[in-house]
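Protein chains get the first letters and strands the later ones, always in sequence-line order, with residue 1 at the start of each.
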Amino acid sequence: MQLANKKWALDEFMAQRQAVLSAWPTGEEVDLQEGMAYQRGIPNGQRFVTRLKEAKASQVTLVQPRAGVPLVADHLALLKHLETEGEADLLPTTIDSYTRLNRYEEAQRGIEESKATGKAMLNGFPAVNHGVKGCRMVTSALSTPVQVRHGTPDARLLCEITLAGGFTSFEGGGISYNIPYAKNATLQETIHNWQYCDRLTGLYEENGISINREPFGPLTGTLVPPCISNSVAVIEALLAAEQGVKNITVGYGQCGNLVQDVAALKSLESTVEAYLARFGYDGVTVTTVLHQWMGGFPQDEAKAFAVICWGSAVAALAKATKVIVKSPHEALGVPTREANAAGLRATKQTIMMLADQKMADGAALEEEIAVIDAETRQILERTLELGDGDIALGTVRAFEAGVIDVPFAPSRYNLGKIMPARDNEGAVRLLGVGMLPLTEAQKKFHQEKIAQRGRHENRGVSFQMVIDDIYAISKGRLVGRPR
Amino acid sequence: MQLANKKWALDEFMAQRQAVLSAWPTGEEVDLQEGMAYQRGIPNGQRFVTRLKEAKASQVTLVQPRAGVPLVADHLALLKHLETEGEADLLPTTIDSYTRLNRYEEAQRGIEESKATGKAMLNGFPAVNHGVKGCRMVTSALSTPVQVRHGTPDARLLCEITLAGGFTSFEGGGISYNIPYAKNATLQETIHNWQYCDRLTGLYEENGISINREPFGPLTGTLVPPCISNSVAVIEALLAAEQGVKNITVGYGQCGNLVQDVAALKSLESTVEAYLARFGYDGVTVTTVLHQWMGGFPQDEAKAFAVICWGSAVAALAKATKVIVKSPHEALGVPTREANAAGLRATKQTIMMLADQKMADGAALEEEIAVIDAETRQILERTLELGDGDIALGTVRAFEAGVIDVPFAPSRYNLGKIMPARDNEGAVRLLGVGMLPLTEAQKKFHQEKIAQRGRHENRGVSFQMVIDDIYAISKGRLVGRPR
Amino acid sequence: MDRKTIILGVIGADVHAVGNQILNYAFMDAGFRVVNLGVMVSQEEFIEAAIESAADAIVVSSLYGHGELDCQGFRDKCDEAGLKGILLYVGGNIVVGKQPFAQVEERFRQMGFDRVFGPGTSPEEGIHALKEDLGVT
Amino acid sequence: MDRKTIILGVIGADVHAVGNQILNYAFMDAGFRVVNLGVMVSQEEFIEAAIESAADAIVVSSLYGHGELDCQGFRDKCDEAGLKGILLYVGGNIVVGKQPFAQVEERFRQMGFDRVFGPGTSPEEGIHALKEDLGVT
Ligand code: B12
Ligand code: B12
């Protein structure tokens, strides 16, 4: 198999399908025609795509939690709670970590032990084990559209089951669900497997059923420079579009500096649109999502609310199409439904107070957008070059070469040479640029920004800064100043 | 007595003093020399003025709660809790409503009933009844500076007792503690009585003891247009400076639109400084305070946190010297100490995440500053004219004429002709300009802004808009859109 | 329709004027004759106004927390003044702090109030209750 | 000084890599010899590495919530492999959700862990405990 960003022939796709569906007994429940018929029965207002398009048009930011528990009835009750008490505009179904690694037997053990102990023993909803029927029990009982959110390097079976199961959006991508979520999976493998998911989504699309796809923007959630996450988003958008996906939500994890965050989101949207246009993918609707702070949270709930609300404010000021919400329990564990709903309500209040306001343009914002635009293009152009024009192939080679490099990633296929740190205003910059294909001027810009902080803090630039920055928000501030 | 903004002769002040001190038995405890000696013993680090100057220099926003309960021991325990668990930078002592109206007998009843029932039966700390000794028991036991916060039209005795009692800051003013806090008190009377407080503060100052004074910025806390509250702040700063006050914190109650709020605070600071300079008051240190949303709060605590955090963000972005904090119990009643501390921690987290960021300059901000600057000057110049150059006299006449007019004020000496409403971005504008001395262009600006909202909402401009705006934040948004 | 008359005001040393202005507007809008005494109203002033205008109900607001002290003996004073059985409502943030509403309601009922409304009650609820109790359709 | 050897890793299907990298740095900085297995480490891998490097302690992290499932039988496996009495720590967000820590600690102690650390424990606390338990001064 030679990886290429090329639409799969239908029979190539179908040839794989049998193996995919037979990986676990519930695979048998999937029948493509019947699944499509079922999806056609879902009213428009309950589809992800409809809500996102409306929101984009009216410039309102929608609010979406993360949530998943092991048993169907509990999961449904949880989502209903978030719908009514949390005022969620969009709902999730967060998948447990065994399912994410295709360890369905362990997931089964988790289900059994959860039943036996009456405690949730899995950190999410094992959708494959519950099968198409279990999924439909959930999606059909809600008036809010539901998305699958996970972190699965090989999500083919999960995608088959959940799309047939009535979910109208599917998160993930061959890079964003590999590098931060796996250790040993090659990019060849995961990009290939995600082409399957995109092809499946495209197939639904060709049959008149619009399913939303969402690359996972925040990656490791920890000091990821915007040029890195935006590059990955562009690539995954291109990969999805090639397979026929028409509705893509690109994401970004809040870094904490207002100007940088708004700039990153603006740059993200325009860069994705520009590359889609350049490669001739017409008729793709691009929306955006901001993830509230994805790194370590403060344990104190009042302080956690502050982190949540600041993320909400950024989402609203940047006019993101939706925002993914944290809970005041974030630092401690999977939230109770009450804590989850509280995070949602705090977010909703912030969003609505800012609904009619936006970040004012200005020189600082323009400059920051220009910085991110330029760096992202540098990375993407070098990636295309490495792939001899093919973005899929280029991506594999770019990661090998460290042309794309995600900080703190567990994957052995990520070079791990760059080192991010905050500048004196809290924007995420590069203390070490690793092998990123930046110009000398760009490298100097980062160096100077961090040196400036060093001078202000009266200390040399070092790894201690990075450590301080990693802890900073959980300890009550943005920039990890020396104690 | 002819009111004038003129420094009181010492014997004029002393002549009044006896009557003031004899209004309640605890007045006898006050001895000016002894009080000054006591104040001199307070270490610098525990003085308000020191902390404010440091904060101003380092551009950090300090965090301060409201808090007061009837009994000394409970009050001290409450403040200690807010110091340790709330991480407060500055502490308050909020005075109960009977004391504010000099009803010391009723306050005494409240103290007795609180002791008897074990429940707080007063909404604050009755400092006059507790006397100099009671006050010192509080202020001496804390390492954080403490301010008197109240709403007292005639605060002469309260000021005498609390300054001798070791408080290093005193809130209020002859306008800001009359118009929103009284029904029948004339401005002649209250401005005169506050000249007493300022003269007393000035006397301490002349003796080397720097006490901070803070006009109450938010007035009625409900849709007050910045030009009104800023005009009042300028006037009270001038009145205080004339009596010898050297350290003034001018305040502003958050309206909710980011650009307007930052602009208002910037305009406030520079306008106050400009007028102080114009009238030759040198060596006055001006600092600023932003009050988190002062109108009706949402009952839900998660939503209340959102309102609190958004206010904190505005304070930090505007680089206010301090921020006055609400609690998640705001809509329900005087907060428990835990709720109060939670509000503080949420505020602290937000402030610290934004400590190194500021609102970027830009055209929108500049324009808004220019609007507020110009309107405020219009009002102040007309006020000076009305007073034949005397700002004290002018103020009395300006309120009579509606040249200064505070919305929703209980005072019968306030004309009550203006009607504020939000524009389409949530900035507070004037639906009815009443008798404000604005130019035709300025009036048109407001009209047009509100008409724009009307068009957007597809409804005529009416009082219903105002009602909708009053409820808006408590119902989850900023602009009161039609339901 | 015979219009019912209501005395409206904020009791005690309380200056919270915003809710009062809205209640005034809403009650008039709902067809009542409203005598609005504004803020800082004493029990005596309420009673005087009720006698003078032959009122059908007295609607007391208290926001600032001293409601429990300010309302003590109100019903007795009404009785003494010859307003026996007059409809007496109270609403707002009527006690200090966040307290279980059922207990608060009970205490004010004991004091002789016919209806007790908690924080943030909408004017509509008040109007609905008044119409019911005064037999307005 | 004879340097103590520690096996470090994140158990199960858990990919949380940040805390692991910091612990690695901090333990080395504190003078330990650290064999860092990174994330997604099975019980078998921990044990193999401990045998291979004659380790003094195994420090298990679990962040993602499946800690309770992943750690079952770990002590027995150690015993079987000849690592009787090896120091066994676990820390992180080791159960699903916010649970009373005393109960969680008890459950993991029952499973044979010598020390159990709750969410957000600082590396310093871990180092302090290791030094105490391994007699390092
Ligand atoms: C960043 C993050 C991610 C990133 C991780 C990127 C990466 N590959 O590293 C991403 C986004 C990929 C991610 C994914 C998931 N995550 Co996550 N994640 C976090 C988050 C926000 C921060 C973790 C972190 O980096 N902290 C900073 C480091 C420095 O701190 P630390 O990890 O706690 O480690 C320190 C201490 O715990 C201690 N320590 C750790 N081990 C030990 C051991 C000993 C002996 C001692 C003494 C000390 C010690 O020392 C470390 C250094 O200081 C936490 C919540 C939080 N803490 O705020 C959730 C959290 C850990 N994640 C959680 C979950 C559920 C998941 C997912 C299943 C679902 C999801 N949300 O997508 C997946 C799991 C994937 C998988 N298979 O593991 C949950 C776990 C829930 C629970 N236990 O009940 C948490 C708590 C969030 C929550 N409240 O729901 N996550
Ligand atoms: C704005 C405000 C102020 C302004 C008032 C300006 C003015 N003159 O009007 C200022 C800043 C001056 C102020 C001062 C004080 N305030 Co104040 N204030 C508020 C605030 C934030 C909003 C009030 C408001 O206007 N709401 C909007 C209107 C529309 O709603 P409303 O007043 O609740 O009225 C509605 C309903 O309650 C209902 N209703 C009212 N009465 C009745 C009666 C019946 C029968 C029915 C059916 C319905 C009903 O209908 C009204 C219309 O919808 C509230 C907290 C909150 N609610 O968020 C605190 C609050 C009322 N204030 C409080 C306090 C303690 C004070 C002060 C003592 C101290 C201080 N914080 O400075 C002083 C008191 C001065 C005095 N002597 O009265 C406390 C009361 C505490 C308690 N009860 O336990 C509150 C609850 C804040 C708090 N949590 O501490 N305040």
Side-chain angles (χ1 to χ4, degrees), chain A residues 86-87 256-260 293 298 300-310 312-314 317 328 338-339 341-366 368 422-427 453 456 472-473 475-479 481, chain B residues 86-87 256-260 293 298 300-310 312-314 317 328 338-339 341-366 368 422-427 453 456 472-473 475-479 481:
Chain A
E87 305 169 21
N257 174 285
L258 175 62
V259 173
Q260 183 176 47
W293 176 244
D300 176 65
E301 296 192 15
K303 295 188 172 192
F305 270 119
V307 180
I308 288 169
C309 293
W310 178 235
S312 311
V314 172
L317 289 172
E338 288 78 16
L344 283 165
R345 289 197 304 274
T347 300
K348 193 64 161 279
Q349 175 83 21
T350 307
I351 294 286
M352 292 312 283
M353 286 191 298
L354 295 174
D356 306 303
Q357 304 177 49
K358 65 173 195 305
M359 175 86 168
D361 294 333
L365 183 61
E366 293 309 320
E368 196 64 43
R422 295 192 184 278
D423 70 15
N424 210 34
E425 279 90 48
R453 167 176 170 192
H456 185 262
I473 284 198
K475 296 209 166 155
R477 61 182 304 163
L478 181 63
V479 183
R481 304 291 184 192
Chain B
E87 305 169 21
N257 173 285
L258 175 61
V259 174
Q260 184 177 46
W293 176 243
D300 177 65
E301 296 193 15
K303 294 187 172 191
F305 270 118
V307 180
I308 288 168
C309 293
W310 178 233
S312 311
V314 172
L317 290 172
E338 288 76 17
L344 283 165
R345 289 196 305 275
T347 299
K348 194 63 162 279
Q349 176 82 22
T350 306
I351 294 285
M352 292 312 283
M353 287 191 297
L354 294 174
D356 306 302
Q357 304 178 48
K358 64 174 195 306
M359 175 84 169
D361 295 331
L365 183 61
E366 293 309 320
E368 196 65 44
R422 294 193 185 279
D423 70 15
N424 210 33
E425 280 90 48
R453 169 177 167 190
H456 185 262
I473 284 199
K475 296 209 167 155
R477 60 181 307 163
L478 181 63
V479 183
R481 304 291 186 193

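- The choice from B/Met352, B/Glu87, B/His456, B/Arg422 that makes the most heavy-atom pairs within less than 4.5 Å of chain A is B/Met352.
- Within the 4.5 angstrom heavy-atom criterion, no atom of B/Pro328 approaches chain A.
- The shortest heavy-atom contact between B/Arg477 and A/Ala355 is NH2-CB, 4.1 Å.
- Between B/Met353 and A/Val307 the shortest heavy-atom distance is CE-CA, 3.8 Å.
- Heavy-atom pairs under 4.5 Å with chain B were tallied for A/Ala346, A/Gly362, A/Gly426; the largest tally goes to A/Ala346.
- In plain terms, the two heavy atoms of B/Arg345 and A/Lys303 that are nearest each other are O-CG, 3.8 Å.
- Distance check, rounded to the nearest 0.5 Å: CD1 of B/Ile351 to CG of A/Leu478 gives 13.5 Å.
- Each of A/Thr350, A/Leu354, A/Val479 has some count of heavy-atom pairs under 4.5 Å with chain B, and the biggest count is that of A/Leu354.
- The shortest non-hydrogen separation linking B/Asp356 to A/Asn424 is CB-O, 3.3 Å.
- Heavy-atom distances place the side chain of B/Asp300, and not its backbone, under 4.5 Å from chain A.
- One distance of note links CD1 of A/Ile308 with CZ of B/Phe305; it measures 10.0 Å at 0.5 Å rounding.
- When B/Glu425, B/Met359, B/Gln357 are compared by the number of non-hydrogen pairs under 4.5 Å with chain A, B/Gln357 comes out ahead.
- Of the listed residues (A/Ala364, A/Ala313, A/Gly256, A/Ala306), the one with the most heavy-atom contacts under 4.5 Å to chain B is A/Ala306.
- With chain B as the partner, the residue from A/Ala427, A/Cys309, A/Ala341 showing the most heavy-atom pairs under 4.5 Å is A/Cys309.
- Side-chain N or O atoms of A/Glu301 include none that pairs as donor or acceptor with a backbone N or O of B/Ala342 at under 3.5 Å.
- In terms of non-hydrogen atom pairs under 4.5 Å with chain B, the most contact-rich of A/Leu344, A/Leu258, A/Val259, A/Thr347 is A/Leu258.
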